[in-house]
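Every chain is numbered from 1 and lettered A, B, ... according to where its sequence line falls, protein lines coming before strand lines.
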Amino acid sequence: MSVARHSQLSPLQRLLQGTPGLWIVLAVAAGASYGFVQSPRSLPVRLLLIFSLLLIYFMPQKGWVKLLYGGGMLLIVLPYLGLFNPFLMELGFQIAAFATLAIGLNIVVGFAGLLDLGYVAFFAVGAYLWAFFGSQQLWHTDEAPGTFTIFATFPFPAWWFWIFLGVGVVGAAFTGVLLGFPVLRLRGDYLAIVTLGFGEVIRVMANNLDKPINLTNGPQGITPIQRPPIPSFFTSPEILEQLGQLAGRPVGLNDLYGFFFYFMAVAILVLAIFLALRLDNSKLGRAWTAIREDDVAAVAMGVPLRRTKLAAFAIGASFSGAMGVLYAANRTFVSPETFSLTVSISILVMVILGGLGSIAGVVLGAAIVTMLNIDILQTLSLQLSSLRQGSGTIPLLGIPWASLPTQLDPARYQRLFFGLLLIVMMIFRPEGIIPSQRRRLELHEEPAQEPPAAQIEGEIEPDHKLES
Amino acid sequence: MRLHRPNLLLEVLRPLGQLLVFILGASAVISVITVLTAFLIRGTRTDMDLLQITLILLPQVLIDGIVLGFMYATIALGYTMVYGVLEFINFAHGEFFMFGAFAGVEFLVWMQGQGWLPEGQGWLAYLLLAGAVGVGMLISGSISVSTERIAYRPLRGAPRLVPLISAIGVSFLLQDVMRFYQSTANGAFYRTFPTFGGFSERITLFALPLDDREITIAIQMTSILIIVVGSVMLVGLNYLVNATRLGRAIRSVAQDRNTAYLMGVDVNRIIAVTFLIGGALGGAAGVLWSFRFTRADPYMGFFPGLKAFTAAVLGGIGSIVGAMLGGMVLGLLESFAAAYLTIFTRGAFGAEYKDIFAFAILILILIFRPSGLLGGKTTQKA
């Protein structure tokens, strides 16, 4: 067994074996952290930090060692570094939040094989639930958007957030079942289009339910939304001062909330990973696999199709609902814009990029896409605009940077990158970066067995070939 | 070898007749329902005579609905062609539509720059419009064929979700490619359709005397042209598919790709031709759309595409006449929803909900009659 495992190791993993491997990973992580303390705003250093997390996942070590490394990195090193640049906590929060969404979508698409293009709708349900009850919207249901004043008190105290975390889960799961019922009979691409329509319906409703009863405050969105209370121990002046000394800058309540949301998101993410892993190996998980591969055969073998599909929708949605509540509290603002189709698709990109059905892959995909979205492209845009203001010229071309049109702004072309990623992944690596075992076998058969069918010009499927 | 020679006149007249029946039938049904509703709830409003207002608006709403229906129908033709042959939802069809719209608008803007756009009506204006439609068809046809070659063909035979996801990718990519091109070349990412040829002129059809005033029912030149071009496209496509050698090859590939291959049909070429035709029809629809709404922007393809897909499913995907029917029903419903929803609900639900209508219909159709209104056999396959 161990021999077979070792023969499958990639060159990188072979490097990380044994005690030297432990030291190498430690050195990379320490180097990245040191680099971060030295220049907290540098993008390459942030990428190196993420890369060291990836190394921890990949190193062929015992489970508890990896857990120790990963836990130390996520719970101690990153928050410590977050003292120097709060953006790191924001980045960590977003990655963890989207990774949770991606894991939820992975249950629907990866495990059960139901392509859901309106997944963001469940996120919206969770977010609007807390947005409505955690803000003053309850008092303004009969007033038009923009006409009311903001009071100092709220109908529900902030600690209700914890209850609504549960309500969000239940509400989103309920919505999942609600969507699931009518589309139970649909398969494949029809399901995709209907779920896409459902996502748009939720967005249109969020946009327009400011009349006759003002539930969502229309396109203006709901604000302010309460954040859950932080225990007064942390907000005491002594603690803040000590943190400030550690960071070398004054630390306020907003920084504390940065840490708070980061830890919350990581906690939910870990819970989601745990649940997804357990589900994958459970009876229900095997039922999902069965209906994904062949639902007629699955039914014949006694899998309850209706219940299994609804469970996939409900469980997938519930992750999204919890994250929606947290997200609304984090932003203290929700508007329909946050829940556009682009978000649904970018969550899908995360799942596809990382590997359908593979939990580790999906988390990696979420990290890559989120980094691309809120960090890499933004940094590129900033750099480009600063170059544009300078007097330099583009190397090799000799055109001055300043002559580039201002519309050339990488941050605005997320769709272009996502589209390209989707096409390239589908053509060259449909199983994703870290494929699940089953899909790798399915999509890449061992070369010794048979030449790939796609090379035959006539595009005849192999099982229909004339037998001589 | 030909078993029966298709009657040319019949192949042209039959779809036209069907179309006429659909338009009249759908219009009559929806009008009766609306008027009946207005009659039943007329007591809820004291500030206006609901029934009278409904009747006043009715003819104009009908005309708008039919024009919108023709536009959905022409887009739906592209979906239906590709689905009929490959059983694959070409998610990027809305973007082919968008590219066609931009190509047509760019052509006319270039003509305007040369000073060749006539002010008034005349044969030159029609010629230029036809040229714009032609350019749009050419561009989106070629985009469609290249997309098939690059992004879809390598995935043929893969699990069904794979090409669909690739198509979503193409759709996103094309949107931003156009946006990128437009914003670097023109500074703004949308384009306005140049006004020329006096097409926006309204032609008064008739005037209704009502109490003390007169209601004139008018139709724009634009709308008439859209109806004419849409009908020509339907008839042409129907003829091509049902009465020509190429059409027979397309149908054979749609029915059984492997057998068609064994019978000597060049399957790859036929699929490419299908994409060419579908894309070109989408491009023509795009030019007409921007002609009517006087604007082209990179994201314009999304909603019309989605609704046209709904129309295709509604009519029975894979059926050309069905796409026409579905488009018509959807166009009428949307136009009626936009006009009457606000009045009937005292402003509680505005015209914004018309988009929800389309999706609600889609879901209902797929639940109760997945083969669509005209689809014979079940079309849904895993």
Side-chain angles (χ1 to χ4, degrees), chain A residues 109 113 115 117 182-183 185-190 192-194 196-198 200-201 204-205 207-208 211-213 294-296 341-342 345 348-349 352 356 404-405 407-408 412-427 430 442-443 453-454 457-462 464 466, chain B residues 87-89 91 150-151 153-166 168-177 179-180 183-184 187 189 257-258 261-262 267-268 302-303 306 309-310 313 345-350 352-353 355-356 358-360 362-364 366-367 370 380-382:
Chain A
V109 182
L115 183 56
L117 293 183
V183 302
R185 286 170 45 174
L186 306 178
R187 296 182 207 170
D189 23 20
Y190 276 89
I193 297 280
V194 170
L196 190 157
F198 178 75
E200 285 299 303
V201 166
V204 170
M205 278 171 57
N207 237 326
N208 292 301
K211 60 188 179 189
I213 306 168
D294 188 338
D295 55 354
V296 178
L341 176 72
T342 317
I345 301 284
L348 183 70
V349 175
I352 304 272
L356 268 177
L404 283 179
Q407 281 81 11
L408 200 92
R412 289 196 209 159
Y413 292 97
Q414 296 165 5
R415 285 168 169 244
L416 190 124
F417 294 103
F418 290 166
L420 213 56
L421 266 177
L422 280 179
I423 302 169
V424 169
M425 287 302 287
M426 282 303 108
I427 293 179
E442 183 185 323
L443 288 162
E457 249 320 290
E459 311 286 348
I460 301 258
E461 288 138 41
H464 293 291
L466 276 183
Chain B
E87 275 169 20
F88 154 66
I89 297 176
F91 204 88
I150 296 166
R153 192 180 298 181
L155 305 176
R156 227 180 273 159
R160 269 173 88 83
L161 289 188
V162 171
L164 182 68
I165 291 168
S166 179
I168 295 171
V170 172
S171 156
F172 269 42
L173 180 72
L174 288 181
Q175 282 176 4
D176 262 7
V177 163
R179 176 171 166 181
F180 182 72
S183 54
T184 43
F189 62 83
R257 206 184 303 163
N258 295 331
Y261 177 70
L262 294 176
V267 172
N268 278 333
F302 178 67
F303 267 111
L306 211 54
F309 174 75
T310 307
V313 174
T345 61
R346 314 198 54 154
F349 295 98
E352 305 88 12
Y353 285 92
D355 291 340
I356 291 187
F359 300 127
L362 179 67
I363 293 174
L364 288 178
L366 287 173
I367 294 168
Q380 189 189 323
K381 291 177 190 169

All heavy atoms of A/Ile427 vs all of B/Ala151, minimum pair found to be CD1-CA, 4.1 Å
Quick one: what part of B/Leu155 sits under 4.5 Å from any heavy atom of chain A, side chain, backbone, both or neither? side chain
Let me confirm one number: the CG-CZ distance from B/Leu173 to A/Phe417, rounded to the nearest 0.5 Å. 10.5 Å
Given B/Phe172, which of A/Leu421, A/Leu416, A/Leu422, A/Thr342 fulfils the side-chain contact (heavy atoms from CB on, under 4.5 Å) condition? A/Thr342
With a 4.5 angstrom heavy-atom cut-off, is it the side chain or the backbone of B/Ile89 that approaches chain A, or both, or neither? both
Quick check on the interface: out of A/Ile345, A/Val204, A/Val194, A/Leu348, who has the most heavy-atom pairs with chain B under 4.5 Å? A/Ile345
A/Ile352, A/Ile423, A/Leu341: which one forms the most heavy-atom pairs within less than 4.5 Å of chain B? A/Ile423
Side chains of B/Phe91 and A/Leu196: closer than 4.5 Å at any heavy-atom pair? yes
Validation row: A/Arg415, B/Arg179 side chains within 4.5 angstrom (heavy atoms): no
Region of B/Phe189 that comes under 4.5 Å of a non-hydrogen atom in chain A: neither
Quick check on A/Gln414 against chain B: is it the side chain, the backbone, both or neither that has a heavy atom closer than 4.5 Å? backbone
So, do B/Ile168 and A/Leu117 sit near enough that their side-chain heavy atoms are less than 4.5 Å apart? yes
